[in-house]
Amino acid sequence: MKIEVLPDADAVAASAAVFIAAEAHEVIEARGAFVLAVSGGRTPWVMLRQLARLDVPWAKFHVVQVDERIAPAGDPDRNLTHLRASLMDLAPIPAANLHPMPVEAADPEAAAAEYARELERLCGSPMVIDLIHLGLGPDGHTASLVPGDSVLNVTDRDVALTGGLYQKRRRMTLTYPALNRARKILWVVTGADKPDPLVQLRAADPAIPGGRVDQGRAVVMADAVAAAKL
């Protein structure tokens, strides 16, 4: 795991955007298309707005979701709502290159299985995403892999539902098998409530969900307050 410490959240967002753009250029040149999986969060939305301003081969750039709340279309709780406003509405990405999680389906379990099939059509079988962006919660959660939830134990599916509610919502999420096959992982970690979980992440501490994500191809970009205990 490589850790880069930057002065503040805005600097993290800008650096992360440049990193994603560089990865996109490299992967598209090598393989013809690039797939980015995006998590939610305040700094990531700034990151995506910065990314939208950069020189990227958008026609070959695909966006998928790491996780999503089960909520109606346009709900402010939905990551997709912010993803559209922060990136899709600002960059010339073809509409077909956005692959949202189908959380509005009547049968969310079946929808999770269908999303896994969609990712396989896009990323091969077994599915390997080029770059997965992850955040780290104060409780050590990442994606919607939250402490104590049954989804932490899912090993036979790439996409699953949380067993219970987290912050009043059930969620759809990529699972550990999907995360750990990624070609690269970019952690974006900012805020004064992150020093302890970031120490645990660096130590690959399985006591937090983030600590169970493979570190071999991971880059962490953290602001100074989040990295205070490193």
Side-chain angles (χ1 to χ4, degrees), residues 1 27 31 33-41 44 62-71 77-80 83 97-137 139-188 197 200-201 203-220:
M1 174 181 283
V27 171
R31 291 192 292 277
F34 175 76
V35 180
L36 170 69
V38 181
S39 300
H62 291 260
V63 181
V64 305
Q65 289 189 275
V66 171
D67 63 330
E68 181 61 285
R69 295 164 176 85
I70 296 179
D77 276 354
R78 289 279 299 273
N79 286 338
L80 181 62
L83 174 55
N97 289 14
L98 173 64
H99 307 268
M101 284 184 159
V103 296
E104 298 159 47
D107 184 344
E109 294 281 0
E114 174 53 36
Y115 195 64
R117 290 189 289 270
E118 181 174 357
L119 293 181
E120 286 189 346
R121 290 190 290 268
L122 186 63
C123 303
S125 181
M127 174 264 289
V128 178
I129 296 171
D130 293 308
L131 178 61
I132 297 180
H133 152 250
L134 293 176
L136 184 66
D139 58 359
H141 85 268
T142 193
S144 283
L145 303 171
V146 300
D149 195 279
S150 59
V151 75
L152 298 176
N153 301 317
V154 174
T155 59
D156 60 347
R157 285 162 286 160
D158 287 337
V159 184
L161 300 180
T162 56
L165 303 180
Y166 184 74
Q167 296 176 348
K168 301 181 180 180
R169 298 283 192 185
R170 201 175 182 203
R171 291 132 183 272
M172 187 179 293
T173 186
L174 298 184
T175 61
Y176 285 120
L179 299 182
N180 288 334
R181 285 199 304 271
R183 289 191 172 92
K184 286 191 181 177
I185 289 178
L186 171 63
W187 294 88
V188 172
Q200 290 176 282
L201 179 68
D205 184 350
I208 63 167
R212 294 170 56 183
V213 177
D214 185 84
Q215 294 190 359
R217 297 172 299 279
V219 174
V220 177

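In this chain, numbering begins with 1 at the start of the sequence shown.
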Taking the side chain as every heavy atom from C-beta outward, state whether Pro108 and Ile70 have any pair of such atoms under 4.5 Å apart.
yes
* Could you check if a side-chain atom of Phe34 sits within less than 4.5 angstrom of a side-chain atom of Val63, using non-hydrogen atoms only? => no
* Determine yes or no for a side-chain-to-main-chain donor-acceptor pair under 3.5 angstrom, with Asp77 supplying the side chain and Ala71 the backbone. => no
Tightest non-hydrogen contact, residues Gly163 and Ser150, listed as CA-OG, 3.5 Å
One should read off an interatomic distance between Arg212 CZ and Thr142 OG1, to the nearest 0.5 angstrom, of 12.5 Å
task = Determine, for Glu104 against Arg69, whether the closest basic-nitrogen to carboxylate-oxygen distance falls under 4.0 angstrom.
result = no
To the nearest 0.5 Å, atom CG of Asp67 lies from atom CG of Leu161 at 12.0 Å
Between the NE2 atom in His62 and the CD1 atom in Ile129, the distance rounded to the nearest 0.5 Å is 12.5 Å
To the nearest 0.5 Å, atom CH2 of Trp187 lies from atom NE2 of His133 at 9.5 Å
Under the criterion side chain to side chain contact (heavy atoms under 4.5 Å, CB included), I'd like the reasoning laid out for Leu134 against Leu179: C-alpha separation, chi angles, the key distance, then a yes or no.
CA-CA 9 Å; Leu134 293 176; Leu179 299 182; 4.1 Å; yes
Next on the checklist: Is any side-chain heavy atom of Thr173 closer than 4.5 Å to one of Val151?
Outcome noted: yes
Please lay out, stage by stage, how Arg169 and Val103 fare under the test side chain to side chain contact (heavy atoms under 4.5 Å, CB included).
CA-CA 11 Å; Arg169 298 283 192 185; Val103 296; over 6 Å; no
Would you call Leu36 and Val64 a side-chain contact if the rule is heavy atoms closer than 4.5 Å? no
Distance col, row Leu119:CG vs Ser125:OG, nearest 0.5 angstrom, shows 11.0 Å
Q.
Quick test of your reading of the model: are Asp214 and Arg181 salt-bridged, counting only N-O distances below 4.0 Å?
A. no
Would Tyr176 and Asp158 satisfy side-chain hydrogen bond (donor to acceptor under 3.5 Å, both in side chains), going step by step from the backbone distance to the final call?
CA-CA 8 Å; Tyr176 285 120; Asp158 287 337; over 6 Å; no
Checklist line | Test: Asp130 and Lys184 ion pair at under 4.0 Å | finding: no
Are Leu131 and Arg183 side-chain neighbours, meaning at least one heavy-atom pair lies under 4.5 Å?
no
Under 3.5 Å, is there a donor-acceptor pair between the side chain of Thr175 and the main chain of Arg157? yes
- Query: Would a distance-only check, ignoring hydrogens and angles, find a side-chain to backbone donor-acceptor pair under 3.5 Å from Gln215 to Leu201?
  - Reply: yes
>> So that I know where these two stand, are Tyr115 and His99 an aromatic pair - ring centroids less than 6.0 Å apart?
In response: no
Charged N to carboxylate O below 4.0 Å: is that the case for Glu68 and Arg78? yes
Between Thr162 (side chain) and Arg170 (backbone), is there a donor-acceptor pair under 3.5 Å?
-> no
CE of Met172 to CD of Glu109, rounded to nearest 0.5 Å, is 8.5 Å
Query - Any donor-acceptor N/O pair, Arg217 side chain to Ala182 backbone, under 3.5 Å - result: yes
Note: Gly40 and Asn79 closest approach over all heavy atoms is CA-OD1, 3.6 Å
Is Val213 close to Ile132 at the side-chain level, that is, under 4.5 Å between some pair of heavy atoms? no
Legend entry - Flag side-chain contact, heavy atom, 4.5 Å: Val66 against Val38: no
Self-check item: Val219 and Ile185, any side-chain heavy atoms less than 4.5 Å apart
Solution: no
Could you walk me through whether Leu98 and Leu80 satisfy the side chain to side chain contact (heavy atoms under 4.5 Å, CB included) test, starting with their C-alpha distance in whole Å, then the side-chain angles of each, then the deciding distance to 0.1 Å, before giving a yes or no?
CA-CA 10 Å; Leu98 173 64; Leu80 181 62; 3.9 Å; yes
Smallest heavy-atom separation, Pro209 atom then Pro147 atom, equals CG-N, 3.7 Å
Considering only NZ, NE, NH1 and NH2 on the basic side and carboxylate oxygens on the acidic side, decide whether Glu120 and Arg117 come within less than 4.0 Å.
no
